[in-house]
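I have placed the structure first, in the form of structure tokens, so that the comments after it can refer back to it.
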Amino acid sequence: MDMKSFSLEGKIALVTGASYGIGFAIASAYAEAGAKIVFNDINQELVDKGMAAYKEAGIEARGYVCDVTNEEQVQNLIATIEKEVGVIDILVNNAGIIKRIPMHEMSADEFRKVIDVDLNAPFIMAKAVIPSMIKKGHGKIINICSMMSELGRETVSAYAAAKGGLKMLTRNICSEYGEYNIQCNGIGPGYIATPQTAPLREKQADGSRHPFDQFIIAKTPAARWGTPEDLQGPAVFLASDASNFVNGHVLYVDGGILAYIGKQP
Ligand code: NAP
Ligand code: GCO
């Protein structure tokens, strides 16, 4: 086997919402594998924070302000990247939000907002890059899904609805564009230690672990939270030629959560 098929040398990768956390870790791995990195975030402050972090890691990245839910801004972003950097080979739909509110207390606007960022935006982004990918003769689209693409839990109805929908959008992009040599796959991270999950790991007043923290450790055969770095190898694989016949798949990177019934009492 030619190990060069795992290389991203010469590829252009756009990772959304990649100033920190999972997106930053994935983009950093892509840079190490040889890709040129482009990222966006919701405001200038976050883009500046991201630019400083990439610089510190020795990565030459380009950052743009763009709200992924705004189709006009997204179309402008893609046109600018094509002009300033080139046609995008790899798109990672990473930007996301969560609202933890019991469903019967959630307003329809709050529900819509989550669906907008976590489901409508990946559609808007993918729609914007696919025409150039078709012309170029290949493309990789990677949607960051979730445990909630498969499982429910209290307070995350909108997030679960969006991430379940994102799994099906992944399969549909595969179905519709596979013939153009475009592969669309998902990554389903387990519980990963990032600012998004910080409230679930906060220490209790007496210094003990948050009950949700204990619950996740018990629910994960690996007996730990994941790190953004745990997602790097799978993300490089799905962006590289080594996965050219992998399409419409969600690769769960969860320390075994989905395989496990839970600790017996
Ligand atoms: P995150 O807080 O979800 O970071 C995502 C980034 O996207 C942030 O910089 C965020 O900005 C940005 N963003 C939000 N709305 C945006 C918009 N409309 N346009 C552009 N950018 C926007 O952190 P994360 O934990 O690294 O999560 C990354 C992805 O992985 C998300 O899709 C998340 O759902 C998914 N995920 C996370 C976990 C986990 O355990 N952490 C597990 C499974 C899946 P702000 O900082 O202003 O919000
Ligand atoms: C939650 C968490 C999760 C994770 C992740 C799991 O409140 O349950 O935030 O939804 O972030 O998406 O894969």
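Read the numbers this way: they start at 1 and go in the same order the structure lists the ligands and their atoms. Sequential numbering from 1 along the given sequence is applied to the chain's residues.
Here Asp254 has no heavy atoms under 4.0 Å from ligand 2, in either its backbone or its side chain. Contacts with ligand 1 closer than 4.0 Å are made by no heavy atom of Met147, backbone or side chain. Using a 4.0 Å cut-off between heavy atoms, Ser19 makes no contact with ligand 1 at all. Proximity of Lys163 to ligand 2, defined as any heavy-atom pair under 4.0 Å, is not found for any part of the residue. With a 4.0 Å cut-off on non-hydrogen atoms, Thr197 touches ligand 2 through its side chain and not its backbone. With a 4.0 Å heavy-atom cut-off, ligand 2 is reached by no atom of Ile192. Contacts between Val117 and ligand 1 below 4.0 angstrom, taking non-hydrogen atoms only, involve the side chain exclusively. Of all the heavy atoms of Thr194, the ones lying under 4.0 Å from any atom of ligand 1 belong exclusively to the side chain. The residue Asn43 has no part lying near ligand 1, judged by heavy-atom distances below 4.0 Å.
Between Gly96 and ligand 1, at least one N/O pair is under 3.5 Å apart. Remark: ligand 1 and Tyr191 share no N or O pair separated by less than 3.5 Å (distance only, no angle test). The shortest N/O to N/O separation between Met147 and ligand 2 falls below 3.5 Å.
The closest donor-acceptor contact from the side chain of Asp118 to the backbone of Lys163 lies at 3.5 Å or more, if one exists at all. Gln73 places no side-chain N or O within 3.5 Å of a backbone atom of Cys66 that could act as its donor or acceptor partner. The backbone N or O of Ser107 lies less than 3.5 Å from no partner atom in the side chain of Arg112, so there is not a single donor-acceptor pair. Checking side-chain atoms of Thr80 against main-chain N and O of Asn76 turns up a donor-acceptor pair under 3.5 Å.
For atom 11 (O) of ligand 2, the closest non-hydrogen atom on the protein side is Gln196 OE1, 2.7 Å. The closest protein non-hydrogen atom to atom 4 (C) of ligand 2 is Tyr191 CE2, 3.9 Å. At the shortest separation from atom 37 (C) of ligand 1 among protein heavy atoms lies Ile22 CD1, 3.5 Å. Among protein heavy atoms, atom 9 (O) of ligand 2 sits closest to Arg100 NH2, 2.7 Å. The protein heavy atom nearest to atom 8 (C) of ligand 1 is Tyr20 OH, 3.5 Å. What sits closest to atom 45 (P) of ligand 1 on the protein, heavy atoms only, is Leu46 CD1, 3.8 Å. When only non-hydrogen protein atoms are considered, atom 10 (O) of ligand 2 lies nearest to Tyr159 CE2, 3.0 Å. In this structure, the protein non-hydrogen atom closest to atom 6 (C) of ligand 2 is Ser146 OG, 3.5 Å.
The cationic group of Lys49 lies under 6.0 Å from the six-membered ring centre of Tyr20 and within 45° of the ring axis, placing it in a cation-pi geometry.
No heavy atom of Phe24 sits closer than 4.0 Å to any atom of ligand 1. Distances from ligand 1 to the non-hydrogen atoms of Cys145 include at least one value under 4.0 Å. Cys66 counts as a contact of ligand 1, since one of its heavy atoms falls under 4.0 Å from the ligand. Using a 4.0 Å heavy-atom cutoff, Trp225 is absent from the residues neighbouring ligand 1. Within the structure, the closest approach of Asn40 to ligand 1 falls below 4.0 Å when heavy atoms are considered. Residue contact check for ligand 2: Leu200 places a non-hydrogen atom closer than 4.0 Å to it. Using a 4.0 Å cutoff on heavy atoms, Ala18 does not count as a contact of ligand 1. No heavy atom of Met148 sits closer than 4.0 Å to any atom of ligand 1.
Listed by number with element, the atoms of ligand 2 under 4.0 angstrom from any heavy atom of Arg153 are 1 (C), 7 (O), 8 (O). Taking every heavy atom of Val156 and a limit of under 4.0 angstrom, the matching atoms of ligand 2 come to 7 (O). Of all atoms in ligand 2, listed by their number and element, those nearer than 4.0 Å to a heavy atom of Ile98 are 1 (C), 2 (C), 7 (O), 9 (O), 10 (O). The ligand atoms of ligand 2 that sit less than 4.0 angstrom from a heavy atom of Met148 are 10 (O).
Hydrophobic clustering (ILVMFWY, side-chain heavy atoms < 4.5 Å, transitive): Leu166 and Ile173 are in one cluster.
Side chain to side chain, Lys140 and Asn247 fail the donor-acceptor criterion of an N or O pair below 3.5 Å.
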Problem set entry | Criterion side-chain hydrogen bond (donor to acceptor under 3.5 Å, both in side chains) on Glu179 and Asn181, from CA distance to verdict | CA-CA 5 Å; Glu179 67 174 300; Asn181 194 24; over 6 Å; no
For this session: Could you please spell out the steps behind the salt bridge (charged side-chain N to carboxylate O under 4.0 Å, His left out) verdict for Asp116 and Lys113?
Result: CA-CA 5 Å; Asp116 213 23; Lys113 175 73 188 158; 5.6 Å; no
For this session: Evaluate side-chain hydrogen bond (donor to acceptor under 3.5 Å, both in side chains) for Ser243 paired with Gln183, printing each intermediate quantity in order.
Result: CA-CA 8 Å; Ser243 61; Gln183 289 84 47; 5.8 Å; no
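When Gly50, Gly190, Ser146 are ranked by how near their heavy atoms come to atom 42 (C) of ligand 1, first place goes to Gly190. Compare Thr16, Asp41, Val47, Ile42 by their heavy atoms: the one nearest to atom 16 (C) of ligand 1 is in Ile42. Closest heavy-atom approach to atom 13 (O) of ligand 2 among the candidates Gly152, Pro189, Gly226, Pro199: Pro189. Summarising the contacts of atom 14 (C) of ligand 1 with Asp118, Thr69, Ile97, the nearest heavy atom is found in Ile97.
Ring centroids of Tyr191 and Phe212 are separated by less than 6.0 Å, placing the two rings close together.
Looking at Asn93, Asn143, Asn185 one by one, the single match for side chain to side chain donor-acceptor pair (under 3.5 Å) with Thr170 turns out to be Asn143.
Of the inter-residue distances, the one linking Ile12 atom CD1 with Arg62 atom CZ reads 10.0 Å to the nearest 0.5 angstrom. Interatomic distance, OG1 of Thr197 versus CZ of Arg100, reported as 7.0 Å (0.5 Å rounding).
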